Structures are given as C-alpha cells and as structure tokens.
> 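Got a structure here, written out as structure tokens. Questions coming.
Residues: numbered from 1 along the sequence shown. Quick caveat, the model's predicted, so the values are computed rather than measured. Whatever order the structure lists ligands and atoms in, that order sets their numbers, starting from 1.
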Amino acid sequence: MTASLKLKQGREKPVHNRHPWVFSGAISQIVGSPQPGEVVSVLDGNGRFLAHAYYNPHSQIRGRILSWEENETIDENFWHSKLQRAIAGRAALNLEPATTAYRLVNAEADGVPGLIVDKYGDFLVMQCLTLGIDQRKMMLANLLATLLQPRGILERSDASVRRKEGLTAVTALLWGEAPPATLNFRENGLHFTVDLHEGHKTGFYLDQRENRAIVGQPNIVGGQEVLNTFAYTGGFAIYAAASGAGKIVNLDTSASALTLAKANIELNGWQRPDDEYVTADAFQQLRAYRDNGRTFDAIILDPPKFANSQRDIQQAARGYKDLNWLAFRLVRPGGWVATFSCSGLVTADLFQKIVFGAAIDAKRDVQILQFLSQGPDHPVLLSFPESAYLKGFLCRVW
Ligand code: SAH
C-alpha cells in the first residue's frame with residue numbers, strides 16, 4: 001500500500017489550490033513508512049485523497065506534489081509526458097534559430113518540482129534541486145536524451161538549496177559527451193560563449209534575455225555611456241554594444257566572468273578599446289564614482305539574490321536601497337536606470353517601495369517606463385507564486 005501524508009484539519013487549502021508544496025507543519029500523521037524520495041499520497045484531515053507527492057523527511061518541504069489526479073500513476077510515462085509538455089511549450093515560443101540557449105524545464109512551474117533543464121545548443125544542463133529528482137535523475141536524463149537527442153547532458157547540481165534537502169553538491173556528466181570548456185551559443189542573434197562546467201547557475205542568466213533586449217535598445221543606450229554593474233559575462237553589454245553604445249563600463253567581483261565578457265565582445269566581431277572592465281565590489285565602486293563625481297547615461301543594476309530566507313529580507317531591502325540610491329545619484333538627468341531583483345522573497349510591490357525610497361533620498365524624479373520580469377521560457381505558475389522571482393523596472397531619471 002502507498003504510504004501517505006495526512007494533513008492537519010484546516011491545512012488542506014494550499015493543496016486544494018494546487019500549490020505544490022506540503023510543509024512539515026501541515027502534516028498530522030505519516031501513515032506507513034515511506035522511504036526518502038518515495039511517491040506518497042497526500043490525504044486531507046478525514047483521510048480523503050488530495051494528491052500524489054514525492055517525500056523527503058529531511059526537508060521542511062516534506063512533500064512536493066506531482067499530480068492531483070487520484071488515478072494517475074507516477075511512472076516513467078508520467079515523467080515523459082511532463083517533459084514532453086515542457087519541451088513543446090518552449091518550441092512554441094519560436095526562440096530558435098536566433099536564440100539557441102533557453103530553459104526547457106522550469107521545475108514546479110512545469111509540473112516537475114525540483115528539476116531544471118537548460119538547453120545550450122546541442123547540450124543540456126540539468127539541475128536536480130530535490131532528493132526526489134536526484135533519485136530519478138538517470139531516468140530523467142534518458143527520457144530527455146530520447147526526446148531531444150542532445151550531444152550530452154551535464155548535471156550542475158551545485159545550488160546551495162540542495163543542502164535543505166540533505167544533498168551535497170554534484171557536477172557530473174549524466175549522458176553522452178561532456179560539453180567543451182567553452183561553448184558558443186546565440187541569443188537574439190548575438191553571440192555568446194559559456195563555460196557550462198564552471199559558470200554560475202547552469203552557465204548563463206537565461207532569465208534576463210528579454211530584459212537585455214529591452215534595455216539594450218538603440219533609443220536607450222545608443223551613443224550613451226553605460227554602467228553595467230553585476231555584469232557577469234557581459235549579457236547586457238553585448239546588447240548595448242550591438243545598439244551602438246558609447247563607452248561601456250562592466251563591473252563585477254568576478255575577474256573570470258569579466259574575461260568572458262570581453263571574449264563575448266570579440267566573439268561578435270567588435271573592437272571596443274574604450275570599454276572598461278572593473279573587478280570590484282559594486283557597493284564600493286559606485287561610492288567611489290560618486291566621490292569622484294563620475295556620471296553615466298544608463299546604469300544597469302542586476303545584483304545576485306540578496307534574500308535566501310525570510311530572515312534576510314530586511315537586510316536585502318537595505319542592500320537594494322543602497323544600490324538604487326547610488327545609481328540615482330550617478331545617472332545624468334534624462335538618463336536611464338534598469339534595476340532588478342531576483343530575490344523571490346522580495347515581491348514586486350516591496351521592490352517598488354524600496355526603489356521609491358531610494359529615489360526620494362537621492363532627490364530624483366523617477367518614472368517607470370516598463371515593468372520587467374523573467375523571460376517566457378521561465379513561466380510563472382499561477383498556483384505557485386514563488387515561481388515569479390525576477391522583477392525589474394526600466395526607469396527614466398530626471
Ligand atoms: N547581468 C548579468 C547577470 C548578473 S548575475 C547577465 O545579464 O548575465 C550577478 C553577478 O553579480 C555575478 O556575476 C556576480 O559575480 C556578481 N556579484 C556578486 N556580488 C557582487 C558585488 N558585491 N559587486 C559586484 N558584483 C557582484
């Protein structure tokens with residue numbers, strides 16, 4: 001008999017609303033002795049079936065729901081059809097051939113909690129963020145190989161969230177050929193090189209694609225002096241250069257990321273001897289620019305995630321406010337600030353309030369011309385608001 005997680009009376013609502021997480025605090029009883037990773041039934045307080053989930057006794061999220069259909073069997077066919085649906089959804093976006101790197105499977109938002117699959121040309125990169133997925137990764141890699149015929153599938157399960165699942169970091173070749181040390185791909189017709197083995201996340205910040213295209217338009221950056229903070233491998237800089245930006249200053253703490261940023265400029269066939277690559281902490285460097293009276297026409301603020309838990313929110317808010325305040329101090333009148341937060345715990349509302357506070361303190365009039373979010377290959381599931389994590393504003397500053 002299938003083991004089950006019986007919920008406390010009155011704690012069923014999120015499951016009824018198709019939220020895929022079952023927290024330990026909502027469970028009144030574990031019936032049977034499920035093994036870690038095993039598929040269990042989620043039952044309401046009266047023992048009635050609610051959902052099928054995989055179980056992890058080591059995580060606060062004890063169950064991750066796979067299906068709300070009692071008749072559904074969670075077998076290989078189940079996973080195959082979920083992957084197929086996710087892949088079909090991406091094909092319908094018509095990103096290829098201009099874009100050859102994008103997210104194929106976006107975890108909970110694609111009905112496969114804990115599994116991320118990104119495509120970079122002929123290679124796939126998998127992130128297994130939960131025990132339930134970790135246990136099934138070979139089966140999933142084989143299904144992906146059948147569905148997509150890649151040259152190779154690399155596992156980059158080195159995200160820190162795995163610790164919450166009782167898992168350690170793993171990077172391994174799961175199927176086929178190992179990707180080369182640097183791999184080239186296209187994004188909106190622009191050329192990029194990526195290190196799939198060592199790069200951040202699965203190698204590239206694919207979620208910012210559409211925002212790079214918006215912020216990098218000629219009417220915003222053409223002929224302008226651009227400060228690209230948190231530049232990583234130059235994502236925003238490549239679009240700005242393509243639109244005829246003036247000097248671009250790329251700022252990041254990672255020297256190796258900036259080396260790739262420069263390589264990406266060359267890969268596109270450009271020579272931009274006046275651009276700067278500054279290896280420094282953004283908070284310190286922006287202060288130094290302020291102290292030296294340096295200004296810019298357009299500033300991009302794309303910091304890493306500042307809040308990993310509720311406890312971090314206050315401090316994250318202070319960090320965002322400080323950065324945005326500095327950017328508003330440094331931008332010339334009529335100039336642009338594109339500001340982002342990828343902290344899921346900082347909602348779009350809260351982020352707007354923080355940026356508002358920064359504008360007030362900097363004594364600048366700030367107009368939001370466009371509200372920005374993650375690309376369509378990173379869909380947001382309505383019943384899982386946590387899947388909306390990236391938010392940003394394209395601001396005109398007077
Ligand atoms: N805008 C990039 C993605 C940025 S990711 C793109 O479009 O691809 C965040 C980057 O911030 C990482 O490259 C990381 O190395 C860098 N970073 C983290 N903390 C930093 C700090 N305090 N100052 C400057 N850069 C930092």
Side-chain angles (χ1 to χ4, degrees), residues 99 101-103 118 120 158-160 185-188 190-196 198-216 220-221 226-243 245 248-265 267-268 276-289 298-308 312 315-316 318-324 326-327 330 336-344 346 372-375 377-378 389-394:
T99 296
Y102 47 92
R103 179 149 298 183
D118 289 343
Y120 291 88
D158 44 6
S160 59
F185 68 90
R186 280 190 307 281
E187 190 182 88
N188 287 315
L190 298 167
H191 300 280
F192 288 92
T193 190
V194 62
D195 178 348
L196 297 181
E198 299 283 335
H200 296 178
K201 305 218 284 184
T202 63
F204 198 66
Y205 291 85
L206 299 168
D207 51 357
Q208 285 282 28
R209 179 190 320 106
E210 280 67 25
N211 300 328
R212 288 190 276 265
I214 290 168
V215 176
I220 296 174
V221 292
V226 178
L227 174 60
N228 184 23
T229 64
F230 308 94
Y232 189 49
T233 56
F236 283 92
I238 297 303
Y239 284 73
S243 291
I248 302 172
V249 178
N250 292 291
L251 171 58
D252 204 285
T253 41
S254 163
S256 59
L258 290 177
T259 302
L260 278 185
K262 205 168 183 180
N264 282 330
I265 289 283
L267 187 65
N268 284 276
E276 292 177 30
Y277 296 87
V278 184
T279 308
D281 171 72
F283 292 90
Q284 288 176 14
Q285 190 62 28
L286 265 55
R287 279 202 161 67
Y289 289 147
I299 300 177
I300 296 144
L301 294 177
D302 185 20
K305 186 157 133 190
F306 286 165
N308 287 307
D312 304 337
Q315 201 180 342
R318 278 196 292 275
Y320 288 123
K321 182 168 177 193
D322 193 30
L323 272 179
N324 282 275
L326 283 162
L330 297 179
W336 303 88
V337 171
T339 181
F340 297 95
S341 161
C342 61
S343 302
V346 175
L372 307 170
S373 67
Q374 63 219 52
D377 52 334
H378 294 62
Y389 64 96
L390 180 63
K391 70 282 309 179
F393 310 124
L394 174 62

> Is there any protein N/O under 3.5 Å from an N/O of ligand 1, and what does the full list of such pairs look like?
from, atom 1, to, atom 2, distance (Å)
ligand 1, 1 (N), F230, O, 3.1
ligand 1, 1 (N), D302, OD2, 2.6
ligand 1, 7 (O), R212, NH1, 2.8
ligand 1, 13 (O), D252, OD1, 3.3
ligand 1, 13 (O), D252, OD2, 2.7
ligand 1, 15 (O), D252, OD1, 2.6
ligand 1, 17 (N), T253, OG1, 3.4
ligand 1, 22 (N), D281, OD1, 2.7
ligand 1, 23 (N), A282, N, 2.8
ligand 1, 25 (N), T253, N, 3.3

> Can you spot which of R212, R209, E187 makes a side chain to side chain donor-acceptor pair (under 3.5 Å) with Y239?
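Among R212, R209, E187, the one that satisfies the side chain to side chain donor-acceptor pair (under 3.5 Å) with Y239 is E187.
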> Near Q315 CD, under 6.0 Å, is it more than 12 heavy atoms from other residues, nucleotides or ligands?
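No, not enclosed.
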> First locate atom CD of Q284, then atom OG1 of T253, and finally report the distance between them rounded to the nearest 0.5 Å.
11.0 Å
> If the test is side-chain contact (heavy atoms from CB on, under 4.5 Å), which one of L394, L372, I300 qualifies with N211?
L372
> As an exercise, state the distance from OG1 of T339 to CG of N324, rounded to the nearest 0.5 Å.
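So the gap between those two atoms works out to 3.5 Å.
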> With side-chain contact (heavy atoms from CB on, under 4.5 Å) as the test, pick out the partner of T229 among D302, N250, L286.
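For T229, the side-chain contact (heavy atoms from CB on, under 4.5 Å) test succeeds with only one of D302, N250, L286, which is L286.
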